[in-house]
*Asks:* 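Structure in structure tokens, see below.
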Amino acid sequence: MALSFKNVSMLYGSVYAIKDITFDIDEGEFVFLVGPSGAGKTTILKLLFRQDKPTSGVIEFFGLDVNRIRNGGLPFFRREIGFVYQDFKLLQKRTVYENIALALEVTNRSNAFIKDAVASVLDMVELKDKNNSFPYQLSGGEKQRVAIARAMANSPRLLIADEPTGNLDPGMQWDIIQLLNKINNYGTTVLMATHASDVVDSMQKRVIALNGGMIIRDSKGGYEV
Ligand code: ADP
Ligand code: MG
């Protein structure tokens, strides 16, 4: 099992962001997390990445109890998970190379390892020639490809993407989806939150649908049943 949520709830004040969420994802799966704005998608991804701890319930990542990881262990845990955001979160004053290398430096990799790893992920996203470019010199789609390269630099076991196509033109959106699909085909488990129904319809993958913090559907297919 790559990950599992067991009866997980998250209360903000007196409001449940998610309520009694239970699901398992196997290694190698590609899963869409769908639902309207406010449904609880980002909350699930944040809890999985241990940016917060749930009010109740258990979250496991390859058998590891995520909520029991001590602070000193968090960087090592987090390098097993790549995170891709809607707004890319690239450092504007750093080059493409530096943006990716920094993700590796925080986990104490050697310089030789970093150089090889950056070249390899830039090759994967087909942006080798943008090594020395700054984010402002890139299109939206290219920025997101850099962000995906950064997320993959530590060869994570899981790639999480939170509305990764939300800021992109429809044409660019398909490039990103194809790239995530390629990464999944190479063996990385992918969990993608989205409300892009056309993307979900075309992929015909497993869909976990949320509404009001609860799972209302978990099955293979399009955005709607
Ligand atoms: P989604 O990503 O599906 O749009 P979220 O997980 O961001 O949904 O939010 C789910 C619910 O939890 C929303 O009602 C939101 O307002 C609330 N929420 C999320 N984060 C916080 C927070 N840090 N403080 C208070 N309420 C929050
Ligand atoms: Mg969200």
Side-chain angles (χ1 to χ4, degrees), residues 1-8 10 18 20-36 39-51 54 57-67 69 77-86 121 124-125 144-145 147-166 173-211 213-225:
M1 201 79 71
L3 62 110
S4 103
F5 272 57
K6 292 176 196 163
N7 308 106
V8 179
M10 185 67 179
I18 56 170
D20 202 24
I21 294 289
T22 297
F23 65 87
D24 293 327
I25 294 180
D26 279 328
E27 185 164 19
E29 278 196 272
F30 189 125
V31 179
F32 286 116
L33 196 55
V34 310
K41 305 180 294 297
T42 298
T43 300
I44 287 178
L45 304 183
K46 272 188 181 165
L47 293 175
L48 185 50
F49 202 51
R50 245 301 288 281
Q51 283 177 334
V58 175
I59 300 170
E60 285 180 357
F61 178 74
F62 289 94
L64 179 74
D65 186 335
V66 170
N67 299 319
I69 302 169
F77 162 66
R78 290 199 179 123
R79 81 179 184 196
E80 299 293 335
I81 299 178
F83 213 122
V84 176
Y85 304 89
Q86 177 170 356
V121 289
M124 178 187 76
V125 303
Q144 196 56 297
R145 276 152 61 197
I148 292 170
R150 177 184 58 189
M152 291 303 293
N154 280 301
S155 306
R157 301 179 88 176
L158 171 69
L159 184 65
I160 292 174
D162 195 359
E163 315 243 11
T165 65
Q173 139 172 322
W174 294 107
D175 279 3
I176 296 302
I177 293 300
Q178 290 315 317
L179 182 54
L180 295 178
N181 200 33
K182 179 171 95 172
I183 287 167
N184 177 246
N185 288 336
Y186 279 122
T188 306
T189 307
V190 176
L191 177 58
M192 171 173 160
T194 187
H195 51 239
S197 55
D198 49 346
V199 166
V200 177
D201 286 344
S202 77
M203 297 288 284
Q204 296 291 307
K205 300 284 191 186
R206 178 176 167 196
V207 176
I208 298 177
L210 295 167
N211 203 348
M214 292 191 276
I215 294 179
I216 53 165
R217 169 194 160 203
D218 183 351
S219 62
K220 202 174 164 193
Y223 196 94
E224 306 277 358
V225 251

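If you read the sequence from its start, that first residue is 1, and numbering goes on from there.
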*Asks:* If only atom types and distance count, is the side chain of N184 paired as donor or acceptor with the main-chain N or O of E29 below 3.5 Å?
*Replies:* yes
*Asks:* Would you check if L210 and I215 make a side-chain contact, meaning some heavy-atom pair closer than 4.5 Å?
*Replies:* yes
*Asks:* For the atom pair OG1 (T42) and CD1 (I160), what is the distance rounded to the nearest 0.5 Å?
*Replies:* 10.5 Å
*Asks:* Minimum heavy-atom separation for K41 to A193, with atom names?
*Replies:* CB-CB, 3.9 Å
*Asks:* Anything under 30° is parallel, anything over 60° is perpendicular, the rest tilted; go ahead and classify F5 against F23.
*Replies:* parallel
*Asks:* Rounded to the nearest 0.5 Å, what separation is found between the CG atom of L3 and the CG atom of D26?
*Replies:* 9.5 Å
*Asks:* Does the side chain of I183 reach to within under 4.5 Å of the side chain of M124, using non-hydrogen atoms?
*Replies:* yes
*Asks:* Would you give the length of the straight line joining atom CZ of F83 to atom CD of Q51, rounded to the nearest 0.5 angstrom?
*Replies:* 5.5 Å
*Asks:* If we only count heavy atoms from C-beta on, is the I18 to L47 side-chain gap below 4.5 Å?
*Replies:* yes
*Asks:* List the atom of P54, the atom of N67, and the distance in Å for their closest heavy-atom pair.
*Replies:* CD-OD1, 3.2 Å
*Asks:* With rounding to the nearest 0.5 angstrom, report the CG to CG distance, L48 to L33.
*Replies:* 10.0 Å
*Asks:* Flag yes if more than 12 heavy atoms outside E224 fall under 6.0 Å of its CD atom; otherwise flag no.
*Replies:* no
*Asks:* Are Y223 and D198 close enough that some pair of their side-chain heavy atoms sits under 4.5 Å apart?
*Replies:* no
*Asks:* Please confirm whether the backbone N or O of T188 pairs with a side-chain atom of E27, one donor and one acceptor, at under 3.5 Å?
*Replies:* no
*Asks:* Quick one, F30 and N185 - any side-chain contact, counting heavy atoms below 4.5 Å?
*Replies:* no
*Asks:* Search all heavy atoms of A151 against all heavy atoms of L159 and return the closest pair with its distance.
*Replies:* CB-CD1, 3.6 Å
*Asks:* To the closest 0.5 Å, what do you measure between CZ (R79) and CZ (R157)?
*Replies:* 13.0 Å
*Asks:* Other residues, nucleotides and ligands only: do more than 12 of their heavy atoms fall within 6.0 Å of CZ on F62?
*Replies:* yes
*Asks:* With R50 as the cation and F77 as the aromatic partner, state whether NZ or CZ is under 6.0 Å from the six-membered ring centre and within 45° of the axis.
*Replies:* no
*Asks:* I need the minimum non-hydrogen distance between I21 and M214, along with the two atoms involved.
*Replies:* CD1-CA, 4.0 Å
*Asks:* Using 0.5 Å steps for rounding, measure from the CG atom of L191 to the CG atom of D162.
*Replies:* 9.5 Å
*Asks:* Do the side chains of V84 and Q144 get nearer than 4.5 Å, heavy atoms only?
*Replies:* yes
*Asks:* Hey, mind stepping through V34 and T194 against side chain to side chain contact (heavy atoms under 4.5 Å, CB included) and telling me if it holds?
*Replies:* CA-CA 5 Å; V34 310; T194 187; 4.2 Å; yes
*Asks:* So do the side chains of M1 and E60 get within less than 4.5 Å of each other, counting heavy atoms only?
*Replies:* no
*Asks:* Given side chain to side chain contact (heavy atoms under 4.5 Å, CB included), test R78 with N154 step by step and report yes or no.
*Replies:* CA-CA 10 Å; R78 290 199 179 123; N154 280 301; over 6 Å; no
*Asks:* I need the minimum non-hydrogen distance between G221 and V207, along with the two atoms involved.
*Replies:* O-CG2, 3.7 Å
*Asks:* Considering all heavy atoms of both residues, which atom of G35 and which atom of H195 are nearest to each other, and what is their separation?
*Replies:* O-CB, 3.9 Å
*Asks:* Going by heavy atoms in the side chains, are E80 and L158 under 4.5 Å from each other?
*Replies:* no
*Asks:* Take F32 and V199 through the test side chain to side chain contact (heavy atoms under 4.5 Å, CB included) and record every step on the way to the result.
*Replies:* CA-CA 10 Å; F32 286 116; V199 166; 4.1 Å; yes
